[in-house]
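Counting starts at 1 for both ligands and their atoms, following the listed order.
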Amino acid sequence: MMRSIFFILLFIAICVPCQDLFAQSASKPRYILAIHGGAGTILKKNMTVEMEKEYTNTLKLALSKGYEALKAGKSSVEAIAQTITILEDSPLFNAGKGAVFTNDGKNELDASIMDGANLKAGAVAGVTTIKNPIKAAIAVMQHSEHVMMVGAGAAQFAKSQHLEIVDPSYFWTKARWDALQKAKARDKERAELDHNANHTAIPEVYKDEKFGTVGCVALDRQGNLAAGTSTGGMTNKKFGRVGDAPIIGAGTYANNQSVAVSCTGWGEFFIRSVAAYQVSARMLYAKQSVEEAARGVIDEIGKMGGDGGLIALDKDGKLIMPFNTEGMYRGSVAEDGTISVEIYK
Ligand code: ASP
């Protein structure tokens with residue numbers, strides 16, 4: 001009898017710590033910050049080793065800035081500001097310097113931020129002289145009674161907040177200028193075809209030359225989620241077109257009860273499906289996991305005919321980055337500081 005009790009106790013003594021070990025190795029890392037740098041036709045065959053390195057290094061630099069801010073106890077909003085500023089200052093991405101051109105050869109920038117702790121939000125749209133639109137969006141949230149400001153008024157407000165104002169030529173890059181010329185040549189070709197066929201199709205101005213929007217989601221030490229997005233919109237956009245990026249609920253959403261989301265892709269579809277908010281709503285009301293909710297939204301956008309992707313970080317540090325394009329620049333930092341970056345499917 002004593003012998004069997006001894007063996008049972010020995011068995012428990014060996015197995016309980018082992019179980020702990022298995023549980024630990026099976027549990028996923030807790031993420032605290034993630035970014036995207038746009039989704040689209042990003043194919044390895046079109047990328048040189050140098051280009052790939054440049055993208056990867058810039059994404060890593062942005063992630064490490066955000067991580068340092070969070071580690072130092074800064075808020076998720078502050079970490080997003082620092083992370084997105086790196087991406088806006090890089091000519092590689094379609095945000096800040098490197099933004100795409102409108103049909104009339106201008107750079108009109110959009111950005112937004114949402115704080116999941118209090119559901120406060122700020123956004124700017126169609127701005128042409130604010131060096132870092134994400135900072136202007138944060139200023140709108142923190143220092144005004146409004147949520148969204150556009151054009152000249154937004155620039156005037158940014159100036160009053162002592163944000164850096166630049167000449168519009170600051171945003172010019174050759175790659176984006178060439179992309180506009182390509183898009184316009186295609187427009188012309190299409191118009192001629194329509195003329196010959198005696199009908200007018202809706203101009204398809206948005207396909208292809210459109211990736212590079214940037215976004216960031218973060219979870220700080222206080223358990224507060226936030227999301228931010230910044231973009232130049234879509235190449236060849238006309239008539240003051242504004243996409244999903246500065247629209248709270250479409251391109252950006254954060255709520256401490258559920259998730260922080262930043263989207264990228266064909267903005268009209270993300271607006272019509274209220275994409276970022278829909279991820280949160282699926283989680284809160286349909287009790288879906290962050291994976292189910294985020295994939296569900298991207299699938300729905302695909303069925304509608306749209307393309308793109310999103311990053312979603314839930315309140316427990318679970319991260320998902322689904323997309324239905326060939327690639328999406330993306331990266332994450334786990335709580336222990338592990339950084340990872342990916343580009344292709
Ligand atoms: N969503 C952005 C827009 O429609 C573009 C993008 O993310 O590539 O303006």
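For atom 5 (C) of ligand 1, the candidate residues are Gly243, Ala245, Gly37, Gly265; the nearest heavy-atom contact is made by Gly265. Between Met328, Lys237, Glu268, Arg241, it is Arg241 that holds the heavy atom closest to atom 4 (O) of ligand 1.
Checked against a 3.5 angstrom limit, the closest N/O atoms of Asn94 and ligand 1 fall outside it. Between Thr264 and ligand 1, at least one N/O pair is under 3.5 Å apart.
No part of His36 comes within 4.0 Å of ligand 1, judged by heavy-atom distances.
Nearest heavy-atom pair across Gly233 and Asn94 is O-ND2, 2.8 Å. Minimum interatomic distance between Ile134 and Ser112 (heavy atoms only, all atoms of both residues): CD1-O, 3.4 Å.
Within ligand 1, the atoms closer than 4.0 Å to a non-hydrogen atom of Asp244 are 1 (N), 2 (C), 3 (C), 4 (O), numbered from 1 in the order shown. Near Gly233, the atoms of ligand 1 lying under 4.0 angstrom from a non-hydrogen atom of the residue are 5 (C), 9 (O).
No donor-acceptor pair closer than 3.5 Å links the side chain of Arg241 to the backbone N or O of Phe239.
From Glu108, atom CD reaches atom OG1 of Thr128 across 7.5 Å, with rounding to the nearest 0.5 Å.
Judged by the 6.0 Å and 45° rule, Lys106 forms no cation-pi pair with Phe101.
Aromatic ring centroids of Phe93 and Tyr55 lie under 6.0 Å apart.
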